[in-house]
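Report on one structure; see the data block that follows.
All figures in this text were calculated on a predicted structure; none of them were measured in a lab. Residues take their numbers from the sequence shown, with the count starting at 1.
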Amino acid sequence: MKLHESQGGTHPQGQIGFSRVAICGGTHGNELSGVYLVREMQKAERKAKERGNDMEVITVLSNPRAVQRGLRYIDTDLNRCFTHAMLSGSNTNDAPYEIIRSRELNALLGPKGSRDAVDLVCDLHNTTANMGLCLISYSDSDWLCLHVFRHLQRQMPDVPTRFIHFNATNKESYSLDSVGKHGFALEAGPQPHGVMRSNIYTTMKMGVEHVLDWVCLFNSGFVFEGGSVDVYTVVRNIDYPRDRDTHNITAAVHPQLQDRDFCLLYPEDPLFLTLSGETLRYKGKEPLYPFFINECAYYEKGIAVSLARKRRVAIPAIRVQTEQEQQAKKDECTSEEEEE
């Protein structure tokens with residue numbers, strides 16, 4: 001494979017190519033864009049495999065029982081069941097269904113943190129919040145995922161597309177996408193749970209197609225030039241005001257904030273409107289970017305809005321490693337193992 005030189009005279013970083021990519025839908029059984037997209041991909045499974053040449057595309061309906069019943073989950077939120085502690089436990093007769101299912105998915109797509117794990121997990125989700133298309137990741141330095149994100153932005157200029165960073169270690173990361181060597185959730189909204197909206201489904205479908213196109217380009221040896229992207233790193237979550245005794249909410253998201261995901265929230269801006277009509281204001285010390293505003297599924301989690309800081313992250317040029325580089329890397333690893 002011929003090596004290229006990126007603009008500015010710097011050499012692109014060599015990365016291992018992708019041989020297996022997993023597209024997962026129905027991790028939450030009532031988020032229907034991913035459910036129906038995975039079903040459509042499974043119908044055309046042979047074609048999906050052919051498009052990637054040597055790349056295997058694995059399509060997974062993550063929580064089939066919840067999908068069948070049209071519920072977010074059966075016993076507990078599957079997308080919180082992929083920490084190392086949960087995956088390493090033993091199954092018992094009274095174990096929640098989603099705990100058992102997370103271990104099945106870990107066996108299929110992982111094991112998490114191992115060399116045998118799939119190269120990329122793209123987990124499909126819907127949100128009721130007005131968030132457009134978001135990639136959600138635990139890393140702000142996974143250059144492959146950040147390049148995928150920039151590719152989506154370029155290929156889908158009419159769709160608001162953002163990168164959200166949840167800062168957690170591999171052991172603490174709790175969602176399905178953390179099982180792969182690389183991974184992210186692809187979140188599309190707004191869409192009510194249990195409902196299909198054609199525009200949101202189409203956005204998600206286009207997003208997945210561009211992700212797979214990017215992987216094919218990368219595997220072909222294409223050099224992705226360096227640059228920079230905006231990353232939203234989560235700072236904190238704010239719950240609804242609640243009654244101390246009943247824990248019932250006593251206010252709703254203020255109409256001036258509703259649907260304004262990723263628009264700066266300044267100190268003293270309206271945050272909630274109480275049921276008696278009083279405006280409660282944001283008391284933070286700095287302006288932050290709100291998202292997942294009034295997300296339906298987060299009422300039970302005690303989250304009315306999440307807040308993030310935005311910063312510009314530089315990403316290097318990347319390309320797939322040559323066969324010679326891969327062999328050198330293997331030799332290096334073998335030498336280290338022999339020394340141990």
Ignoring hydrogens and angles, tell me if any N or O in the side chain of [X] forms a donor-acceptor pair with the backbone of [Y] under 3.5 Å.
X: Gln191; Y: Glu31; answer: no
X: Arg197; Y: Gly189; answer: no
X: Arg162; Y: Val231; answer: no
X: Asn126; Y: Ala188; answer: yes
X: Tyr138; Y: Tyr174; answer: yes

Side-chain heavy atoms under 4.5 angstrom apart, residues restricted to Ile, Leu, Val, Met, Phe, Trp, Tyr: same cluster for Val253 and Phe292? no
State plainly whether one hydrophobic cluster holds both Leu71 and Tyr298, where clusters connect Ile, Leu, Val, Met, Phe, Trp and Tyr through side-chain heavy atoms under 4.5 angstrom apart. no
For [X] and [Y], work out which heavy atoms get closest and say how close.
X: Pro64; Y: Leu61; answer: CD-O, 3.6 Å
X: Lys285; Y: Pro267; answer: C-CG, 4.0 Å
X: Val35; Y: Gly26; answer: CG2-CA, 3.6 Å
X: Leu280; Y: Pro241; answer: CD1-CG, 3.7 Å
X: Met41; Y: Val208; answer: SD-CG1, 4.2 Å
X: Ala117; Y: Pro111; answer: CB-O, 3.6 Å

Test of ring centre spacing under 6.0 Å for Phe149 and Phe184: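 No, the ring of Phe149 stays outside the 6.0 Å limit from the ring of Phe184, centre to centre.
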As a quick check of understanding, evaluate side-chain contact (heavy atoms from CB on, under 4.5 Å) for Val195 and Leu32, giving each step before the final call. CA-CA 7 Å; Val195 170; Leu32 298 187; 5.7 Å; no
In sequence, state the C-alpha distance, the side-chain angles, and the governing distance for Asp239 and Ile249, and then conclude on side-chain contact (heavy atoms from CB on, under 4.5 Å). CA-CA 9 Å; Asp239 192 9; Ile249 66 171; 5.7 Å; no
What's the separation between atom [atom1] in [X] and atom [atom2] in [Y], rounded to the nearest 0.5 Å?
X: Ser33; Y: Ile200; atom1: OG; atom2: CD1; answer: 7.0 Å
X: Asp75; Y: Ile99; atom1: CG; atom2: CD1; answer: 9.5 Å
X: Glu187; Y: Asp123; atom1: CD; atom2: CG; answer: 9.0 Å
X: Arg260; Y: Asn130; atom1: CZ; atom2: CG; answer: 10.5 Å
X: Leu105; Y: Phe82; atom1: CG; atom2: CZ; answer: 5.0 Å
X: Tyr232; Y: Phe166; atom1: OH; atom2: CZ; answer: 14.0 Å

What is the ring orientation for [X] with [Y], classed by angle as parallel under 30°, tilted 30 to 60°, or perpendicular over 60°?
X: Phe218; Y: Trp214; answer: parallel
X: Phe262; Y: Phe291; answer: parallel
X: His28; Y: His125; answer: perpendicular

Among Leu212, Val118, Val211, find the one that has a side chain to side chain contact (heavy atoms under 4.5 Å, CB included) with Val21.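 Running side chain to side chain contact (heavy atoms under 4.5 Å, CB included) over Leu212, Val118, Val211 with Val21 returns exactly one hit, Leu212.
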State plainly whether the residues [X] and [Y] are in salt-bridge range, i.e. N to O under 4.0 Å.
X: Arg20; Y: Asp119; result: no
X: Arg65; Y: Glu98; result: no
X: Arg72; Y: Asp77; result: yes
X: Asp269; Y: Arg281; result: no

Please check if atom [atom1] in [X] has more than 12 non-hydrogen atoms from other residues, nucleotides or ligands closer than 6.0 Å.
X: Tyr36; atom1: OH; answer: no
X: Lys301; atom1: NZ; answer: yes
X: Arg69; atom1: CZ; answer: no
X: Glu104; atom1: CD; answer: yes

[X]-[Y] side chain donor-acceptor pair, cut-off 3.5 Å:
X: Lys112; Y: Ser173; answer: yes
X: Ser114; Y: Asp116; answer: no
X: His193; Y: Glu295; answer: yes
X: Thr274; Y: Ser276; answer: yes
X: Asn294; Y: Tyr299; answer: yes
X: Arg312; Y: Ser228; answer: yes
X: Asn237; Y: Ser306; answer: yes

Those residues that, when tested against Thr246, pass side-chain contact (heavy atoms from CB on, under 4.5 Å) (two or more places apart): Asp243, Asn248
Mind running side-chain hydrogen bond (donor to acceptor under 3.5 Å, both in side chains) on Asn63 and Thr27 for me, showing each step along the way? CA-CA 5 Å; Asn63 195 335; Thr27 298; over 6 Å; no
Considering residues at least two apart in sequence or located in another chain, which fulfil the salt bridge (Lys or Arg N to Asp or Glu O under 4.0 Å) criterion with Lys283? Glu268
